[in-house]
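Some notes on the structure that comes next.
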Amino acid sequence: MKPPRDIVLVSIQAFLLSIYLFRLPEVDMHFDSTIRYSGLAVSVLGGIIIIYAIITLNNNLTAFPTPKSNGVLITRGLYKYIRHPIYTGILLLTSGYGTYSENTLRLCVSVGLLILFLYKARYEESLLRNKFPEYGNYIKQSGMFLPKIF
């Protein structure tokens, strides 16, 4: 059985993603076509990142922050540079498509997802530190959502 904190975090994520499907036309924004199509490109990049990260995780994939009992630490592919590329991909996809579709509600949900992912990633990382002694060194070499520049 999953810890209650895991279930709450995944439930909030599912709730936010379900709200993403809706639109409140009376508060929608309007962007120049260059901004809109840049948003679409960011969205496509996010989708590619999600797919690549899922393929890299393979059997280690879980929606829950608690790592699988038989899981191994993945530090190759995008995971060499970013500790949570699926979260990065979701944020790029949702904010990019929110911009492209000029949907203010979607952009607000993207901000909500960012806040949730910051919390969820920190919690997940505390669990990964306990499971994998080498995780502390991995943190020094990689960024949470974006690659470390220095």
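Computed from a prediction, not measured in an experiment: that's the story for all the values here.
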### Summary
Rounding to 0.5 Å, atoms CD1 (I54) and CD1 (I49) come to a distance of 12.0 Å

### Query
Linking I/L/V/M/F/W/Y whenever any side-chain heavy atoms sit under 4.5 Å apart, do I90 and F145 land together?
yes

### Task
Only counting residues at least two apart or in another chain, list the ones meeting side chain to side chain contact (heavy atoms under 4.5 Å, CB included) with V8.
I12

### Worked verdict on H84 versus K120 for side-chain contact (heavy atoms from CB on, under 4.5 Å)
CA-CA 10 Å; H84 303 280; K120 188 177 175 187; over 6 Å; no

### Task
Assign the ring pair Y87 / F117 to parallel, tilted or perpendicular, where the plane angle (0 to 90°) is split at 30° and 60°.
parallel

### Task
Rounded to the nearest 0.5 Å, what's the gap from NZ on K80 to CD1 on I74? Could you check?
14.5 Å

### Considering all heavy atoms, the nearest A53-P85 contact
CB-CG, 3.8 Å

#### Entry: Residues, nucleotides or ligands: over 12 heavy atoms within 6.0 Å of F31 CZ
yes

### Query
If you draw the axis of the six-membered ring of Y97, does the NZ or CZ of R106 fall within 45° of it and under 6.0 Å from the ring centre?
no

### Query
Cationic tip of R129 within the cone over Y135's six-membered ring, i.e. under 6.0 Å and within 45° of the normal?
no

### Message
If we ignore hydrogens and angles and just use 3.5 Å, is the side chain of D6 paired with the main-chain N or O of T66 as donor and acceptor?
### Response
yes

## Note on the structure
Rounded to the nearest 0.5 Å, the CE atom of M29 sits from the CD atom of E102 at a distance of 9.5 Å

### Message
If we ignore hydrogens and angles and just use 3.5 Å, is the side chain of Y138 paired with the main-chain N or O of L73 as donor and acceptor?
### Response
no

### Summary
Residues T62 and K68: closest non-hydrogen pair is CB-CE, 4.3 Å

### Task
Any chance you could measure Y79, atom OH, to I86, atom CD1, to the nearest 0.5 Å?
4.0 Å

#### Entry: Interatomic distance, I55 atom CD1 to I50 atom CD1 [nearest 0.5 angstrom]
12.0 Å

### Query
Is it true that the side chains of S95 and S110 contain a donor and an acceptor less than 3.5 Å apart?
no

### Query
Any donor-acceptor pair under 3.5 Å linking the side chain of N137 with the backbone of E134?
no

### Query
Counting N and O atoms only, with roles assigned by atom type, does the side chain of N103 sit under 3.5 Å from a partner on the main chain of L21, one being a donor and the other an acceptor?
no

